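Before any comments, here is the structure.
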Amino acid sequence: MTFQKPSHTFTKIHLKALRTKSFHILFSLSFTVFINTLGLAQDLPKNQTPILPKTENDSMRVSINIDSLMTPTATLKETDSIQQDTIPKKKDFLEAVVNYKAKDYVTLNQRLKQTTLYNEAEVYYQDMEIKAGVIVIDHNKNLVYAGRLKDSAGVYSQAPTFKQGANLVEPDSIIFNTETKKALIFNSRTEQSGGYIIADVTKKENDSVYFINRGKFTTSEDQDDPEFYFLMRKAKIVPNKKVVTGLTNMYIYNVPTPIGLPFAFFPLTKKQTSGILFPTFGQDSRRGYNLQNGGYYFAISDYVDLALYGDYYTNGSYGFRTETNYAVRYKFRGNLGIRYESLINSERGFPDYSKSSIYNIRWSHSQDAKANPSSRFSASVNLGSSKYYQESVNQMNASNFLNNTLSSSVSYSKSFTGEPQVNVSLTATHSQNTRTQQIDMTLPTFQGSVSRIFPFAPKVGTKKGIIDNINFQYNVNAQNRIRTTDSLFFKAEMFEDARVGVQQSIPISTNFKVFNHFSVSASTNFQENWTLNTIRKFYDPDENKVLKEDLTGFDSYRTYNFSTSIGTTIYGMFNLEKPGKDTKIKAIRHIMRPSISYNINPAFDEYYDSFDYITANGDLTRAEYSRFEESLYGAPNKNFSSAMGFSLGNNFEAKVRDRDSTKTEPKKIILLNNLNLSSSYNFAGDSLQWSPLRVSGGTQLLDNKMSVNFGMTLDPYALDNNNRRVDKFNINNGGSLFRLTSASMNLSYTLNSDSFSGRKEPDQRAIDESVLSGGRADDLFGKSQNFADQRLGDEDRDRSKEEKSEFYNFTIPWSLRVAWAVNYSNSARQNEISSNSLMFSGDIDLTPRWTVGVSSGYDFKNQGFTYTQLRFERDLMSWRMNFSWIPFSERSSWNFFIGIKSSLLKDIKYDKQRSPDKRL
């Protein structure tokens with residue numbers, strides 16, 4: 001019996017009312033087939049499509065032979081519907097409504113016992129969806145076939161698709177035996193843990209084991225024409241667990257290579273798993289052959305991991321490091337790295353033989369802002385040996401040796417809401433100069449404050465007048481400061497010269513307006529300092545010199561001061577637009593912010609002592625000192641100061657005609673962002689009452705792409721013959737009104753190809769390994785180029801959204817960053833440029849996959865190039881190739897790397913480098 005349904009209608013079959021066994025078998029088998037074949041079948045070569053069994057309404061011939069999958073058809077014994085059976089009936093396999101349709105016809109052939117859905121056949125059951133050109137079920141042989149349609153020209157179309165939930169499979173054809181649960185899958189494709197398996201014929205043994213013949217394993221996105229693959233002659237697949245294969249070797253664009261193994265094991269998993277990290281083989285001119293970055297990766301949990309790395313050199317040098325990342329969503333995230341290297345130079349017995357140990361500790365921790373609004377914990381640690389970045393042979397960023405400072409900070413802060421609010425914080429800091437090897441630490445620093453209290457403010461309404469705005473607060477700062485050297489770090493001696501102190505302050509201030517245009521503020525500050533470190537100086541006649549004695553014990557001193565200021569803002573507009581003329585510059589606006597301040601600092605000479613001593617000439621002289629001068633917060637002020645300060649801030653803006661003729665309003669541009677002048681006069685001073693005039697300014701040019709900052713110091717006093725300042729104005733000494741003592745200018749410029757395309761540049765900067773290690777955020781000192789260790793993450797550029805152009809040279813992406821700094825010094829008539837250097841860095845994409853970059857600079861004072869790095873990168877789709885070259889300097893070296901991007905095959909790589917030569 002044959003019937004057809006229109007393509008726009010569905011036939012619904014309710015399982016309870018189903019009387020024909022063919023329908024029951026049809027949908028049972030359809031469901032079973034695709035449940036068991038999910039994840040392996042995708043495209044099938046055109047030359048391996050099985051021939052469809054013949055039906056009454058089709059002229060295609062039958063030629064199917066899968067005897068190894070078949071079993072005899074079970075005989076169904078009919079029973080009397082009245083007969084009572086004590087065995088409970090099984091629950092129907094299908095428990096919901098099945099929807100199906102086909103564009104041409106749905107055929108039920110009782111003689112051949114076949115059910116056929118032809119042309120755009122579709123079956124829907126619960127969350128399962130089957131679509132194919134044709135679906136045929138042979139009830140005699142217990143076989144189910146889903147495949148494509150073939151037209152008169154031999155072109156195949158309507159490849160089968162199976163969708164269940166979010167899973168989608170697109171096989172070419174499948175033959176499935178419903179009793180043995182075995183299947184033949186032709187030209188199957190499956191994605192496993194980022195890798196793709198393509199096989200001509202796949203035999204499904206059961207739900208968890210598959211066998212393939214001449215399969216391809218690749219990570220290429222182009223499955224039709226992969227740029228590389230591993231040819232597996234015979235292989236066994238356990239989905240999401242492993243692939244075990246016999247003889248296999250790599251093919252690059254279908255060309256065999258000698259890279260192969262007699263057998264191979266590919267682990268497959270979608271979860272984070274532990275495993276061995278294969279080392280990189282290399283050679284160092286100073287330490288011989290080496291193995292680097294070998295170790296083991298521990299997938300501890302979904303929140304934390306751990307990687308252990310080790311290095312070994314044939315001259316006896318070795319090193320190890322640990323890297324761990326942790327994160328809890330909506331709470332915090334961070335990473336910790338500990339590195340240690342034991343380095344041997346030359347050979348034992350030679351005069352240049354040396355052995356040293358270096359280490360480095362990095363820790364970064366950040367808390368989600370919404371995790372706990374009232375408390376916060378953060379850490380940024382970078383400490384270790386001062387010579388680590390200069391001597392390390394296996395560091396993450398080669399350009400960090402230019403950085404002279406290592407710094408760290410670990411802090412915890414807590415706020416207690418209320419009236420008033422109380423804030424407390426505990427901080428440990430570290431600052432290290434890698435040249436002098438001096439280390440300054442605070443272990444710890446405690447800070448506490450009480451928010452402003454307005455005792456006379458009205459309970460309702462705004463605060464007006466001098467009385468209402470009177471406020472005070474309380475601040476406390478306690479520190480344990482340590483100054484040591486690199487050699488004493490982490491030793492008991494580093495705590496011998498520790499300085500401990502507590503500083504408490506109560507500032508009282510108020511503000512109000514006079515004449516409606518002038519803002520007046522007044523404040524006084526009371527401060528009390530506690531210390532446990534004081535000194536005593538005395539003259540020893542026996543040794544004929546001044547000695548110093550360190551004292552321990554509690555001591556304190558108190559200070560206070562007063563200050564007030566008045567300021568206003570003045571706006572000036574210069575209208576340059578003339579009637580009847582369309583001038584380019586419409587107007588210039590000048591904003592001035594003058595301010596005058598007055599400060600009084602009393603003299604606290606009661607905290608000073610004196611002693612007599614005999615000079616080398618035999619004269620008796622008296623010297624004064626304060627027992628607090630070497631305490632944590634220093635000695636109090638000895639000299640009375642009554643000074644008035646002057647400052648003037650300027651801002652210049654212009655309104656110009658917009659280039660866009662459709663705009664009716666003029667465009668506002670900034671001519672000078674700020675121009676500040678400041679000086680002061682000390683009424684209590686006996687001489688040199690005027691302080692130098694300081695001028696600073698800055699602006700943005702070229703659509704805010706160029707930043708310009710400048711500054712200078714102008715001294716009104718003259719110099720004597722010994723180049724010392726004297727109490728005589730320079731103009732009265734035959735000079736100009738001011739004497740230029742110092743000046744500086746900094747210029748930075750950023751430009752890229754997007755600057756001319758009208759697109760807005762992204763306002764973001766990736767924090768790379770260089771920043772985490774204390775380097776620069778930009779790449780003016782070079783980029784991190786450590787190719788030997790790329791297991792912890794991919795930094796591949798996403799090219800999927802890039803527009804492809806046949807004429808690529810029309811829009812070549814490029815970028816340029818330039819920074820220029822010059823400093824002038826003339827404080828003692830030296831009249832010289834103390835420093836003058838230009839740094840630049842740029843990248844250009846010659847082709848969509850070729851990138852060339854350079855970072856360099858020139859020192860005009862010393863007439864030489866600064867640190868220079870050349871970079872070449874080739875995107876090979878599934879592979880990455882990098883070459884980094886430092887052509888000169890004491891760090892002259894190069895590094896070449898080529899390897900597979902996918903984390904599944906990252907150990908398949910080649911890395912070759914030449915380390916910097918040892919300089920005598």
Side-chain angles (χ1 to χ4, degrees), residues 386 404 430-443 477-503 527-559 601-641 682 684-688 691 717 719-727 741 825 827-830:
S386 296
N404 299 327
H430 151 266
S431 178
Q432 181 174 352
N433 189 310
T434 59
R435 291 190 176 272
T436 63
Q437 299 187 9
Q438 178 177 299
I439 301 175
D440 292 314
M441 304 184 68
T442 58
L443 294 176
N477 179 283
Q479 292 186 25
N480 176 32
R481 186 177 300 172
I482 301 170
R483 171 165 290 183
T484 184
T485 60
D486 198 6
S487 59
L488 299 179
F489 198 44
F490 286 141
K491 295 182 180 180
E493 292 86 343
M494 68 177 287
F495 298 98
E496 292 180 355
D497 297 330
R499 295 288 182 263
V500 181
V502 178
Q503 186 179 78
Q527 194 173 83
E528 184 173 17
N529 296 272
W530 299 347
T531 183
L532 299 179
N533 308 102
T534 55
I535 62 172
R536 184 176 73 90
K537 290 183 178 181
F538 60 94
Y539 174 71
D540 189 345
D542 297 334
E543 298 185 12
N544 192 25
K545 64 179 181 179
V546 177
L547 301 180
K548 183 187 71 172
E549 180 184 3
D550 292 328
L551 303 177
T552 58
F554 178 81
D555 206 342
S556 63
Y557 65 90
R558 283 149 292 280
T559 62
N601 292 286
F604 301 95
D605 48 8
E606 65 269 23
Y607 298 112
Y608 283 79
D609 300 314
S610 62
F611 63 92
D612 297 329
Y613 71 99
I614 300 176
T615 64
N617 299 327
D619 300 330
L620 182 64
T621 306
R622 170 160 292 191
E624 288 187 341
Y625 76 98
S626 174
R627 64 183 184 275
F628 300 103
E629 61 187 32
E630 294 188 9
S631 63
L632 181 64
Y633 300 104
N637 184 34
K638 178 185 177 183
N639 300 317
F640 175 75
S641 172
N682 187 6
D686 296 333
S687 62
L688 303 175
S691 67
Y717 293 102
L719 298 177
D720 60 11
N721 294 331
N722 296 322
N723 294 325
R724 292 178 299 185
R725 295 178 70 200
V726 295
D727 190 15
T741 59
S825 180
S827 58
R829 291 198 179 99
Q830 59 266 48

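Remember, predicted model here, so these are calculated numbers, not experimental data.
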Worksheet item: Taking everything shown except Arg435 itself, do over 12 heavy atoms lie less than 6.0 Å from its CZ?
Response: no

Worksheet, complete the sentence: Between Ser556 and Phe628, the two heavy atoms sitting closest are O-CZ, 3.5 Å

Item to complete: Could you tell me whether Asp540 atom CG has more than 12 heavy atoms of other residues or ligands within 6.0 Å of it?
Response: yes

Worksheet item: Hey, is CZ on Arg483 packed in by over 12 heavy atoms from elsewhere, all under 6.0 Å?
Response: no

Discussion item. Keeping Asn722 on the side-chain end and Arg724 on the backbone end, is there a donor-acceptor pair under 3.5 Å?
Written reply: no

Worksheet entry | Any donor-acceptor N/O pair, Thr434 side chain to Asn404 backbone, under 3.5 Å | yes

Worksheet entry | Distance-minimising heavy-atom pair for Phe604 and Thr559 | CZ-CA, 3.5 Å

Worksheet item: Are Lys537 and Glu629 close enough for a salt bridge, meaning some N to O gap below 4.0 Å?
Response: yes

Worksheet item: Closest heavy-atom contact between Asp612 and Tyr539?
Response: O-CB, 3.4 Å

Practice prompt. Answer whether the closest heavy-atom distance between the side chains of Arg627 and Leu551 falls below 4.5 Å.
Written response: no

Discussion item. If you define the side chain from C-beta out and look only at heavy atoms, does anything of Asn477 sit under 4.5 Å from Tyr633?
Written reply: yes

Fill in: Heavy-atom pair with the smallest gap, counting every atom of Ala635 and Tyr557
C-OH, 4.3 Å

Discussion item. Between Ser386 and Asp486, do the side chains contain a donor N or O and an acceptor N or O under 3.5 Å apart?
Written reply: yes

Item to complete: Measure the spacing between NZ of Lys548 and CZ of Arg536 and express it to the nearest 0.5 Å.
Response: 13.0 Å

Practice prompt. Would you sort out whether Val726 and Tyr717 count as a side chain to side chain contact (heavy atoms under 4.5 Å, CB included), showing the intermediate values?
Written response: CA-CA 7 Å; Val726 295; Tyr717 293 102; 6.0 Å; no

Discussion item. As an exercise, state the distance from CZ of Phe640 to CG of Asn682, rounded to the nearest 0.5 Å.
Written reply: 8.5 Å

Discussion item. Which residues pass the ring pair (Phe, Tyr, Trp, His ring centres under 6.0 Å) test with Phe489, not counting sequence neighbours?
Written reply: none

Item to complete: Look up atom CD in Glu624 and atom CZ in Phe611, then write down how far apart they are to the nearest 0.5 Å.
Response: 10.0 Å

Discussion item. Within the structure provided, determine whether Thr552 and Leu532 are in side-chain contact (heavy-atom separation under 4.5 Å).
Written reply: no

Worksheet item: What's the shortest heavy-atom distance between Leu443 and Ile482, and which atoms?
Response: CD1-CD1, 4.1 Å

Considering only distance and modelled atom types, tabulate donor-acceptor pairs under 3.5 Å from the side chains of residues 492-501, sequence neighbours left out.
unit_1: Arg499; atom_1: NE; unit_2: Glu630; atom_2: O; d: 3.1
unit_1: Arg499; atom_1: NH1; unit_2: Asp497; atom_2: O; d: 3.4

Worksheet item: Would you say the side chains of Ser825 and Gln830 form a donor-acceptor pair under 3.5 Å?
Response: yes

Practice prompt. Pick out which of Thr484, Ile439, Asp440, Thr485 makes a side-chain contact (heavy atoms from CB on, under 4.5 Å) with Gln432.
Written response: Ile439

Practice prompt. Nearest 0.5 Å please: distance from the CZ atom of Phe538 over to the CG atom of Leu547.
Written response: 4.5 Å

Worksheet, complete the sentence: Here the pair of heavy atoms bringing Tyr625 nearest to Ile535 is CE1-O, 4.1 Å

